[in-house]
Amino acid sequence: MKIIGVVVTFNRLALLKQGIACLRVQKRLSKIIVVNNGSTDGTKEWLDTQTDLSVIHQENVGGSGGFYTGIKAAYEDEADWIWCMDDDVFPREDCLEHLLEQVELNVAADGALTLGILSPRRLMEGEVFTHEFCKYNFTNPFGSMHGKKLKGNETEATDIVGCDFEGPFISRQVVERIGFPNKDLFIFCDDTDYCLRAHLAGFRLIYVPNALMDKHKFFSNDSWTTRNQKKKWKRFYQVRNEAYMNHHYGKNWGVRYLRSWLGAMGYVIPALLTMPFLKAWQSKDLMMLHRAYYDGIAEKLGKRQ
């Protein structure tokens, strides 16, 4: 069985080194592909000295473009399974073994491999961190797209329909049937979209709680204002891509248009209330959120110009 790890990185050299060290001790990993999205912090120079890694340098096309490139390269290299992750998660030494145990259990139970994606459990500062969920909601505009989220206390393998690109173990059969991630999303929702496509294609997705990864925590000591200033540029993609998902997959007018508008208002209203007193938001940011919503429902994707 050929297993290829895919890591996407951008300007996080210290974290990347930690993650690569964790991958190097995974006994059954055949190869590591690192996609460098135009880093300027010495990542390129360090990667060029690592002879055991397969490195792809490209311009910054976001996480979605990075995973598109990495999954495509692993698939073309005849990988049976593709293990994807950002540069801020660190698989424990036996993580891959537990994922493969689940693969073998499903083969034994089903007689045929219908399993598509496995998601390991992530821990942040020792506490379970989970975004995995068990149901898509494209009918109720007042509810989240992600229905029935995991509680984090699961002790047994659990069927899910969605997970983050922070450790998914993807079968070659998934790529054969649904292709690659949507690179035009740039960041946000590329993992949700990919999992949904796999789910709709009939694959099982399973959360594996004994396959552990540690996740780095960002912005832990920042104030609300500082945190919003740092993450503001990401809000465009978050609002736009959620609007795209709701419009593209929504089953009624409320989901296709209203849900995303309400989501955008979740940023607009705090911005309006705090602008006179804090520097977290400026008036021009409101136009950015307005454009993000309308680009999403128009399904106009790509990198923001």
Side-chain angles (χ1 to χ4, degrees), residues 1-9 23 26 28-37 53-56 58 61-87 89 91 95-96 99-107 110-120 131-133 136 157 159-208 211 213 241 244-245 248-249 301:
M1 183 184 296
K2 189 171 187 178
I3 303 167
I4 297 181
V6 171
V7 182
V8 176
T9 189
L23 285 175
Q26 305 293 320
R28 297 175 65 178
L29 193 62
S30 307
K31 184 176 183 178
I32 303 171
I33 295 174
V34 180
V35 180
N36 171 31
N37 267 343
L53 305 179
S54 178
V55 178
I56 301 172
Q58 63 181 18
V61 290
S64 62
F67 284 114
Y68 174 95
T69 298
I71 291 174
K72 184 173 184 290
Y75 177 77
E76 292 176 347
D77 199 12
E78 303 296 330
D80 297 300
W81 286 87
I82 304 170
W83 195 15
C84 299
M85 61 198 74
D86 288 322
D87 52 15
V89 289
C95 184
L96 180 56
L99 293 172
L100 289 171
E101 286 171 4
Q102 192 63 45
V103 172
E104 291 161 3
L105 283 173
N106 277 268
V107 171
D110 298 342
L113 191 60
T114 58
L115 185 61
I117 300 176
L118 295 171
S119 179
H131 283 165
E132 289 83 1
F133 55 100
Y136 284 93
D159 281 274
I160 57 174
V161 297
C163 63
D164 296 339
F165 272 156
E166 294 186 344
F169 196 54
I170 303 171
S171 167
R172 177 179 185 83
Q173 294 182 20
V174 170
V175 185
E176 288 175 345
R177 192 173 304 176
I178 72 170
F180 307 115
N182 186 342
K183 61 183 177 181
D184 291 326
L185 290 167
F186 195 72
I187 59 170
F188 287 113
C189 294
D190 50 328
D191 38 23
T192 303
D193 177 72
Y194 199 71
C195 288
L196 175 57
R197 287 157 53 196
H199 172 66
L200 293 175
F203 288 101
R204 288 185 70 193
L205 290 75
I206 298 179
Y207 177 67
V208 187
M213 307 180 81
N241 292 352
Y244 161 78
M245 292 287 293
H248 192 76
Y249 296 106
L301 304 179

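The figures here come from the full heavy-atom set of this structure, side chains too, leaving out hydrogens, waters and symmetry mates.
- Note that the CE atom of M85 and the CZ atom of F169 stand 9.5 Å from one another [nearest 0.5 Å].
- Judged as a side chain to side chain donor-acceptor pair (under 3.5 Å), and not counting sequence neighbours, N241 has no contacts.
- Of the candidates L115, I206, V208, V103 forms a side chain to side chain contact (heavy atoms under 4.5 Å, CB included) with just one, namely L115.
- Here R177 pairs with nothing under the salt bridge (Lys or Arg N to Asp or Glu O under 4.0 Å) rule; sequence neighbours left out.
- Rounding to the nearest 0.5 angstrom, the gap separating the CG atom in L100 from the CG atom in L105 is 11.0 Å.
- Residues N37 and Q58 have side chains that bring a donor and an acceptor to within less than 3.5 angstrom of each other.
- G162 approaches L205 most closely through the heavy-atom pair N-CD2, 4.2 Å.
- Here the CG atom belonging to L196 is positioned 9.0 Å from the CD1 atom belonging to I178, to the nearest 0.5 angstrom.
- Taking CD1 from I71 and CD from E76, the interatomic distance works out to 12.0 Å, rounded to the nearest 0.5 Å.
- Here the side chains of Y194 and V174 are in contact, with some heavy-atom distance below 4.5 Å.
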Would you check, one step at a time, whether the test side chain to side chain contact (heavy atoms under 4.5 Å, CB included) holds for V175 with I82? CA-CA 10 Å; V175 185; I82 304 170; 4.1 Å; yes

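- In this structure a side-chain-to-backbone donor-acceptor pair under 3.5 Å is present from W83 to G167.
- What you find for G70 and I33 is that their closest heavy atoms are O-CD1, 4.3 Å.
- Using a 4.5 Å cut-off on side-chain heavy atoms (C-beta onward), S64 and F180 make no contact.
- The salt bridge (Lys or Arg N to Asp or Glu O under 4.0 Å) check on D77 picks up K2, K31, with sequence neighbours excluded.
- The shortest non-hydrogen separation linking G66 to V8 is C-CG2, 3.5 Å.
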For a side chain to side chain contact (heavy atoms under 4.5 Å, CB included) check, start with the C-alpha distance between L301 and N182, then their side-chain angles and the critical distance, and finish with the verdict. CA-CA 10 Å; L301 304 179; N182 186 342; 3.8 Å; yes

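- No donor-acceptor pair closer than 3.5 Å links the side chain of S171 to the backbone N or O of G116.
- Annotation: side chain of W81 is not in contact with side chain of L99 (no heavy-atom distance under 4.5 Å).
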I170/F203 under side chain to side chain contact (heavy atoms under 4.5 Å, CB included): CA gap, chis, key distance, verdict: CA-CA 11 Å; I170 303 171; F203 288 101; over 6 Å; no

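- In this structure, the side chains of T9 and V34 come closer than 4.5 Å at one or more pairs of heavy atoms.
- Among residues two or more places apart in sequence or in another chain, the side chain to side chain donor-acceptor pair (under 3.5 Å) test is passed with D193 by R197, Y249.
- Counting only heavy atoms from C-beta outward, the side chains of T114 and N106 never approach each other to under 4.5 Å.
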Check the pair E104, R28 against salt bridge (Lys or Arg N to Asp or Glu O under 4.0 Å), reporting the backbone distance first and the verdict last. CA-CA 14 Å; E104 291 161 3; R28 297 175 65 178; 3.7 Å; yes

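- Using a distance-only test at 3.5 Å, with no hydrogens or angles considered, a donor-acceptor pair links the side chain of S30 to the main chain of I3.
- Applying the salt bridge (charged side-chain N to carboxylate O under 4.0 Å, His left out) test to pairs two or more places apart or on separate chains, those with a residue in residues 161-174 are E78-R172, R122-D164, R122-E166, E166-K215, R172-E176.
- Pairing each heavy atom of S119 with each of E132, the nearest pair is OG-OE2, 2.9 Å.
- Residues that satisfy the ring-ring contact (aromatic ring centres under 6.0 Å, His included) test with F67, not counting sequence neighbours, are F165.
- Residues C195 and C163 meet the side-chain proximity criterion, which asks for heavy atoms closer than 4.5 Å.
- Counting all heavy atoms, side chain and backbone alike, P120 lies closest to M213 at CG-SD, 3.3 Å.
- What you find for L23 and P91 is that their closest heavy atoms are CD2-CG, 3.9 Å.
- Using cut-offs of 30° and 60° on the angle between ring planes, the pair Y136 and F133 is perpendicular.
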CA sep, side-chain torsions, deciding dist, call: V35, Y68, side chain to side chain contact (heavy atoms under 4.5 Å, CB included): CA-CA 10 Å; V35 180; Y68 174 95; over 6 Å; no

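- Between the CD1 atom in I160 and the CG atom in L118 there is a gap of 8.5 Å [rounded to 0.5 Å].
- Residues Y75 and I4 are not in side-chain contact: their nearest non-hydrogen atoms beyond the backbone lie 4.5 Å or more apart.
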